[in-house]
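We count ligands from 1, going down the list as the structure has it; atoms in each ligand are counted the same way. Just so it is clear, the structure is predicted and the values come from calculations on it, not from any experiment.
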Amino acid sequence: MIIVMGLPGAGKSTVLKGLKTDYKIQNYGDLMLEIEKKEFGIKDRDEMRKLPIEKQKLAQKLVADVLAKEKGRFILDTHCSVATPSGYYPGLPFEFLKHIKVDALVLITADVDEVAKRRTNDPTRIRDVDDVALHDQMNKAYLAAYSAFTGAPATVIKNKEGKVEEAVAQLQALLK
Ligand code: AMP
Ligand code: MG
């Protein structure tokens, strides 16, 4: 499995849409939303990160059960860390990684002011305008930890404004 992560507003979903691949691409948030709708009556994906940590943890566990069954050419679109009201929370706790065969870890990032601008201009989402620089720094620390734990290589791809095809090409090159 290739795990692709990125700050909200880094353009992760846009980069993934540009891939030409037979890999199955699964958005983690979609799976989690389905589960949290059933379990906790959540209606919107931007409510999820505000739930008590214990509930997010339980939902993560249920998502992990689904994902542990996936094998082969599979890309997971998710977050390195989630900015919750209680602090940064790992997107890939070791307990989850333990059950997954990880081939590569990829972080899509972008300049802080570009991320902030994309968040403000996205009418489809309720994006927080928090400390983007700190979140990006935390994500890189989490990324290194995931890489050391799984033994999978880590790549950081910068999605520059107006250069999305360059980011797509870098990610494309990692797919075999
Ligand atoms: P996205 O649409 O990619 O921003 O994902 C929507 C939401 O899904 C995020 O704001 C989180 O609440 C949740 N989410 C996605 N990936 C994870 C993860 N690995 N662990 C916990 N929550 C996640
Ligand atoms: Mg997204």
Side-chain angles (χ1 to χ4, degrees), residues 1-19 24-70 74-100 102 104-110 114-116 118-132 135-136 138-147 149-150 152 154 157 159 164 167 171:
M1 181 185 298
I2 295 181
I3 305 186
V4 178
M5 296 159 279
L7 285 172
K12 175 173 53 98
S13 307
T14 313
V15 172
L16 283 170
K17 263 185 225 129
L19 288 179
K24 178 178 170 194
I25 301 178
Q26 173 72 59
N27 181 283
Y28 187 115
D30 287 346
L31 282 178
M32 197 166 191
L33 182 59
E34 238 175 81
I35 286 167
E36 291 189 359
K37 272 183 182 161
K38 261 189 252 144
E39 301 285 329
F40 313 130
I42 287 291
K43 290 182 192 71
D44 182 270
R45 60 200 297 125
D46 288 311
E47 288 172 39
M48 299 198 284
R49 64 178 177 275
K50 314 230 158 112
L51 279 173
I53 289 293
E54 285 316 313
K55 289 191 168 169
Q56 296 189 52
K57 206 174 260 187
L58 174 64
Q60 266 188 328
K61 171 81 188 63
L62 298 173
V63 172
D65 293 342
V66 176
L67 291 174
K69 297 189 188 97
E70 295 289 351
F74 189 88
I75 295 175
L76 181 64
D77 167 357
T78 188
H79 289 272
C80 217
S81 68
V82 180
T84 81
S86 326
Y88 294 106
Y89 182 75
L92 310 175
F94 290 173
E95 187 51 40
F96 166 77
L97 288 173
K98 225 162 60 183
H99 302 289
I100 307 278
V102 184
L105 294 155
V106 183
L107 178 67
I108 311 272
T109 187
E114 285 172 7
V115 170
R118 287 176 202 156
R119 285 189 196 178
T120 338
N121 293 342
D122 183 352
T124 68
R125 300 292 298 266
I126 304 160
R127 306 280 208 193
D128 300 322
V129 183
D130 49 8
D131 190 336
V132 178
H135 195 179
D136 192 49
M138 291 296 290
N139 275 349
K140 286 169 183 161
Y142 279 111
L143 179 74
Y146 302 153
S147 174
F149 183 76
T150 57
I157 296 177
N159 180 28
V164 66
L171 182 57

*Intermediate values then yes/no, side chain to side chain contact (heavy atoms under 4.5 Å, CB included), Met48 and Val82*: CA-CA 10 Å; Met48 299 198 284; Val82 180; over 6 Å; no
*Proximity flag Met5 to ligand 1, non-hydrogen atoms under 4.0 Å*: no
*Which atoms of ligand 1 sit under 4.0 Å from any heavy atom of Gly91?*
18 (C), 19 (N), 20 (N)
_Heavy atom to atom 13 (C) of ligand 1, shortest distance: which of Met32, Glu36, Arg45 holds it?_
Met32
_Against ligand 1, does Leu92 come closer than 4.0 Å with any heavy atom?_
no
*Determine, stepwise, if the pair Gln26 / Glu70 fulfils side chain to side chain contact (heavy atoms under 4.5 Å, CB included).*
CA-CA 10 Å; Gln26 173 72 59; Glu70 295 289 351; 5.5 Å; no
*Atom indices of ligand 1, in the order listed, that fall short of 4.0 Å to a heavy atom of Gly29*: 8 (O), 15 (C)
*With atoms numbered from 1 as shown, which atoms in ligand 1 lie under 4.0 angstrom from a non-hydrogen atom of Arg125?*
1 (P), 2 (O), 4 (O), 6 (C)
*In ligand 1, which numbered atoms sit nearer than 4.0 Å to a non-hydrogen atom of Arg49?*
10 (O), 12 (O)
*Identify which one of Leu97, Asp77, Val106 satisfies the side-chain contact (heavy atoms from CB on, under 4.5 Å) criterion when paired with Ile3.*
Leu97
*Test of proximity, Asp77 against ligand 1: N or O pairs below 3.5 Å*: no
*Which ligand 1 atoms does Lys12 reach within 4.0 Å, using its non-hydrogen atoms?*
3 (O)
*Do the ring planes of Phe94 and Phe149 sit parallel (below 30°), tilted (30 to 60°) or perpendicular (above 60°)?*
parallel
*So does Asp46 pair up with Arg49, basic N to acidic O under 4.0 Å?*
yes
*Taking 4.0 angstrom as the limit, do Asp122 and Arg118 come out as a salt bridge?*
no
*With only distance considered, is His79 within less than 3.5 Å of ligand 1 through an N or O on each side?*
yes
*Is a side-chain donor or acceptor of Asn139 paired with a backbone partner of Cys80 at a separation under 3.5 angstrom?*
no
*For Thr78, take its heavy atoms, then give the atoms of ligand 1 lying under 4.0 Å from any of them.*
15 (C), 16 (N), 17 (C), 18 (C), 19 (N)
*Could Glu95 and Lys98 be called an ion pair, given the rule that one side-chain N must be under 4.0 Å from one carboxylate O?*
yes
